[in-house]
Each structure stands twice: as structure tokens, then as C-alpha cells.
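Everything below concerns the one structure shown next.
When a ligand or atom number is given, it counts from 1 through the structure's own listing order. Computed over heavy atoms, backbone and side chain alike; hydrogens, waters and symmetry mates excluded.
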Amino acid sequence: METAMTFQEEIKQGIPSVLPEAKPYSANANHAPKRKDILSVEEKQLAVRNALRYFPKEWHQELATEFAQELKDLGRIYMYRFKPSFHMKARSIADYPAKCQQAAAIMLMVDNNLDPAVAQHPEELITYGGNGAVFQNWAQYLLAMKYLSEMENDQTLHIYSGHPMGLFPSSADAPRVVVTNGMMIPNYSKPDDLEKFNALGVTQYGQMTAGSFMYIGPQGIVHGTTITVMNAFRKVLNKGEGPQGKIFLTAGLGGMSGAQPKAGNIANCITVCAEVNASAATKRHQQGWVDELIDNIDGLVARVKEAQANEEVVSIAYIGNIVDVWESFYEHEVYVHLGSDQTSLHNPWSGGYYPVDISFEESNRLIREEPEVFKEKVQATLIRHANAINKHTARGTYFFDYGNAFLLEASRAGGDVMAENGIDFKYPSYVQDILGPMCFDYGFGPFRWVCASGKPEDLDKTDAIAASVLKKIMQESPEEIQQQMQDNITWIEDAKQNKLVVGSQARILYADAQGRMEIAKAFNDAVNSGEIGPVVLGRDHHDVSGTDSPYRETSNIYDGSRFTADMAIHNVIGDSFRGATWVSIHNGGGVGWGEVVNGGFGMLLDGSAASERRLKSMLLFDVNNGIARRSWARNEEANFAIKREMARTPKLKVTLANLVEDDILNNLSL
Ligand SMILES: NC(=O)c1ccc[n+]([C@@H]2O[C@H](COP(=O)([O-])OP(=O)(O)OC[C@H]3O[C@@H](n4cnc5c(N)ncnc54)[C@H](O)[C@@H]3O)[C@@H](O)[C@H]2O)c1
């Protein structure tokens, strides 16, 4: 009788030697939407020809028919038949069949990104964002994992948009894996180019942490939103005043936006979040992400006034349209301290943003049956939305764009959101006003780690280590960064009780270069002494140095260089030869294909002296590369931070910008 293979055997086997049975399309999985049918007949043939490269000739007839059908039904070839039979999840590092620990660490991170409890469309190898792929198909997964299981300490696996090109001889200090996702000749980087070349099987959209094996579930977004809301309140409150009893008004309880009420509670304010989709609001309520549900506007006004009077910390979901809330709060003189919006305005015409005065069901009917009417209603609503916000800001509300294209679409609809110069918007984006100057320019960014043993006790220990390191550093920190230090100490002390772990035992906090290096060194010492198992370090690409994105991460760069991508490229190259265990560089992520270049790293801390040497060398560069660029762009906070780093690090010598008097320029005849 044939016995089932163990997990280890299945990984080591790679592409099986016997053709596995075809797998039925699993009806209850959350599948990726059907992709655009964009290929010509010849190109469809090419896509199937490309897919068959992974398999022996004798299987071609059978697989060709099957893959052609997948292409027809889904717009892509996922090779469902080759999905492994074992349960996909991050196992303990010790469970992976590997010749080197670094390879085993990468395997566990790959599996985490594909865990059905973590990934959005696990059957299609999509981790998040609708299109953030780990691999393009299951053959690539099988091959990559096999290579990782065979890899020795002096080899590097090169992965081209999910395709494992092969293991190449390198050295112990080289990265074990180099990943590129969606890298194109610049002229071939329009949205339809992605559809076409992805359908051909030669490129993929890696988002940020999907194709770089560094996703940690919703924890990252909750932390980022918390930091944003806390710092936004600081911009508007007087010294000594707290956010208790003050309102943060916003919209959206979807994938990312659902983090807003949770973040508002951590930031200690009253969060009012409108959501037109009753089932999305109810789901967030059931999950404990929002405290209360209210479905009528009078009830909402009364409840909010009560919460203000009692200085409560509470989050309230209003089931209905955000425009009704802005208008009715104005009429009833409810003062809003902070306002923003996280409806999906990057996708305004097919359900990302719902018009006011029409039911949710009727809107969905219009999308399907009368798209032009729907579009008009959306644009009219955006104008009303902008007018209502303008009335509040005239009373003193601080409004910021949350990277969801609200200002862009409101301006296209003819809403009153342009600044007097007719070029800029009246309101800032969250990076221009908050994350850029208050965090990134000082080097604070989304440092994260995963306890590779898979043990929750290890995560508790690392939380305690990180908190004690930050507290020690804070004693000597300059005034400029005290607040960021304190926020992250509070965050890490409360992290366990906020119950944010999904999948691997992961944690995130914001730290600067010194913080990241000292926390990493303390972890490495703890691994060395046997207190904890190995730790994988990483970060989101949405960081100081990792991402060039002119309307988001680098939107507060004002010397004209925000349309360049040199920083992200230098970052990934620089990290790769300073000791990263793996590096990745992507076209697209967050704001779209062709709109951003972003990169990141992963690093295994195994307690060795080599790990200590690598973490010091790489983390110093990984953060200060971006600070140097931000300082050269004349950002005052970055100038402060890089001078501090040069004083601490004699071998660091950064070119500093000289500032010119405005008068000299104003008097030029140009
Ligand atoms: N959270 C962040 O840090 C961050 C960063 C950058 C960009 N964003 C952007 O935020 C947006 C939201 O992302 P998501 O993943 O939550 O999207 P999503 O589509 O899952 O959620 C948006 C929600 O808004 C609701 N909605 C739409 N119109 C509404 C209206 N008029 N009134 C009330 N509710 C309405 C929808 O029903 C939906 O549930 C995206 O555009 C994303 O790119 C978020």
C-alpha cells in the first residue's frame, strides 16, 4: 500500500516524479477574481508553452488542456494540481528539511505568506491587496522550496518574479535569496503591461511584503494607523492635552481601513467610522475591532455628544454614508478634531466609494446595470463630501488624506480641494504631514521580527527585550525623538494584550537606526545564550529608505527627486552585500504598478558572531541611506538625524546640502 509522504519528503521532492491527480476547483476558498482577458490567441499559446517548461514532455498533452482551461476561466495559469497536500502554515524552523538555517528561515516565511489564515487568496498564491503574489503558480513554489532544502551556506537562489532561476555559487556572507518582482524596462510598466506579462507567466505583482515573504497579517496596519492617529492628534492638541473625548472621524471598515477603530482605541480617542456595507461593519464589530454599532444618524449624534462629555475612549461604527456624518455633525455643532477617509477611492467606479442618498443594494445594481449613472452619483457625492469637510476645517478640524486617492478623485470630480496655487491640494497626505517629517526623516520605520521557533513564549521574551532596550535608549535620546520612543514603548508593552498575532509569532514596532540595531543585537545575544530560538528580522517596505513612491512614502521630498527611484535601488544593493539573508526589489506595491519601486530584506539572527557583524553593518545602512537622501533633499529633521549618526559613526560621511537664501533666487531673471 502506498503511504502518504511526510511534509519533509514532499518539500524535498519538488515537482513530483509522478503526475499528481487533477484537483477540483475548491468551491469554499476565497479565490482571486477572474483577471482581464488580454492575450491574443498566439500569446495564449505562448502562456501555455511557458507553463509547460516546468514539466516533462509526457505530461504535456494532459497539462496543456488543463492550463488552457485555467487561462480561459481565470485569466492566469495557477497550476492548482500541483498545490502541495500538506497544511500550509509557518512551522517551527526546526521542522524544515534544510542544510542551512538561513534557508529554513526563508521557507517558514514563505509558508506564512501562503497560510490560509493569513493569505487573502491562498489557492492563487496571493497574500494581500488583491494581487500581492508570493509566486505565480504552484510549480514555482515547489521548485523554490526544493532548492531551499538543498541549498548550502555558499549558494544563492535567484528568483525572477516568482520563478526560481536557480542556485548559483556565492559565499557565506552573500544573501541566500535574491528576489525581483515586476522589474520592467520602464516603458513597459503601464497597468495593462502587468496584465499581459503576468498572464504570459513572466512577471508578477509582489505588493510589498507578499513577494518578499515578510507579511505578518493585520498587525502592521494597526501599528501604522495607531502611529498616524497619535501623531495627527499631536499636531492639533495643546501641550498637556490628551485625545480622550476628542473625535477622529473617518470612513471604511474594509481590509486596511478596518484597523482605524482599533488604532483609535489604542490612541485613546473617540473614533467614528462610517461604513456603508452593513455586513463589513458587523464583521468588524464581531471581531472586536470596533466597540459599538449605530445605524441612525440622530442616535449617532446623541451618542457622540455623550462620549465627548464623558471624555470616553470608544470606537463607533456608523452603518451608512460618511457624507451624512460630516453634514450632520456640522449641523449639530459636533466638533471634529481629526478627519480622514479610507474608502477605496483608488477604485471609485466599481464599489470602492458609494454615493450618498442611495441604498447600498441600489448602488450595487447601478454599478452592474447603469455604470454611467453610478459614476455621476459618485462624483456628485465627492463634491458634497469635500464641501462638508471644508466647512469643518473652517471651524478648525485637521483633515488629512490617507493615501486612498480621496483628494485626487474629489478634485477630478470638481470638488473644492485645490490649494490657491491650483497645483497642490488644500490638505496634506498622511506622509507629507505626519509619517514623513515625524517618523521617516528621523529614521523611524516599521521594524519587525518573527520568532522562528514558533513559540509564543519567545515572542513574549522578545517583547520584553525590545521594551527594555528602547527605555534605555530613551534616557539619552534628544528631545526631538522622545515622543516616538515613548509611543513605541507603550505599543510594545501593550502589544500582547491587543492580540494581533495571526500566523507566525511576529511583532512590529517603529524604531530608528540605533533602536533597530540595539534591539537586534539584544535578540542575537538572547539566541546565543539559549534564552530564545532564532529570530528573523525584517521590515515593511513602507519605510525610510525602502520605497520611492512620489505620492506616498517620498511625498515629502521637495527637491524634484521624488520621481526618481535611486534610493530604493541603492537600498537593496547595499543591504545585499552587508549581510541580509534575503533581499527583494519590486515594481508596484500599495499605489500600483509603475507608480512605485520598493525593496526590503530579511535577516536570520542565529546567535552567532557573524550574525552580530551582519546586523550592525546592514541595519546602519538600511536606515541611514534614506535619511541621507532625505537630508540632501533639505528635510530639516533628516539633516538633524544624519548629523547625529555621523557623530556616532566616524566612518559615515554623508554629503550635506547648503541652503540658499530665497532672496537670491527671487532676484534672478529666469
Ligand atoms: N491604512 C493605511 O495605512 C493605508 C495606507 C495607504 C492607503 N490606504 C488606502 O485606504 C483605502 C482603503 O483600503 P481597504 O483595504 O480598507 O479597502 P476596502 O475596499 O476593503 O474598504 C473600504 C470600505 O469603504 C466603504 N465605503 C465606500 N464608500 C463609502 C462611503 N461613501 N461611506 C462609508 N463607507 C464607504 C466600503 O464599503 C469598504 O468596506 C485604499 O484606497 C488603500 O489604498 C490605506
Quiz item: Cationic tip of Arg516 within the cone over Phe444's six-membered ring, i.e. under 6.0 Å and within 45° of the normal?
Solution: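 Ring-cation test returns no.
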Quiz item: Does at least one non-hydrogen atom of Pro355 fall below 4.0 angstrom from an atom of ligand 1?
Solution: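 The answer is no, since Pro355 has no heavy atom less than 4.0 Å from ligand 1.
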Quiz item: Does Tyr430 come within less than 4.0 angstrom of ligand 1, counting non-hydrogen atoms of the residue?
Solution: yes
I need the contact type for [X] against ligand 1. Using non-hydrogen atoms and a strict under-4.0 Å cut-off, is it side chain, backbone, both or neither?
X      : result
Arg552 : side chain
Ile221 : side chain
Tyr402 : both

[X] N/O under 3.5 Å from ligand 1 N/O:
X      : value
Ser257 : yes
Leu253 : no
Met256 : yes

Self-check item: Candidate with minimal heavy-atom separation from atom 17 (O) of ligand 1, of Gly255, Ser344, Ala405, Gly224
Solution: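 Result: the heavy atom closest to atom 17 (O) of ligand 1 is in Ser344.
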Quiz item: Do the charged groups of Arg284 and Asp291 touch, with an N to O distance under 4.0 Å?
Solution: no
Practice problem: Examine the side chains of Asp341 and Asn404 and answer whether a donor and an acceptor come within less than 3.5 Å of each other. | Solution: yes
Practice problem: Would you kindly say whether Tyr398 and Asp433 are connected by a side-chain donor-acceptor distance under 3.5 Å? | Solution: yes
Using a strict cut-off of 4.0 Å, indicate which atoms of ligand 1 neighbour a heavy atom of [X].
X      : result
Ile322 : 30 (C), 31 (N), 32 (N), 33 (C)
Gly352 : 27 (C), 28 (N)
Gly252 : 23 (C), 24 (O)
His346 : 40 (C), 41 (O), 43 (O)

Quiz prompt | Nearest protein heavy atom with distance in Å, relative to atom 35 (C) of ligand 1 | solution = Thr343 CG2, 3.4 Å
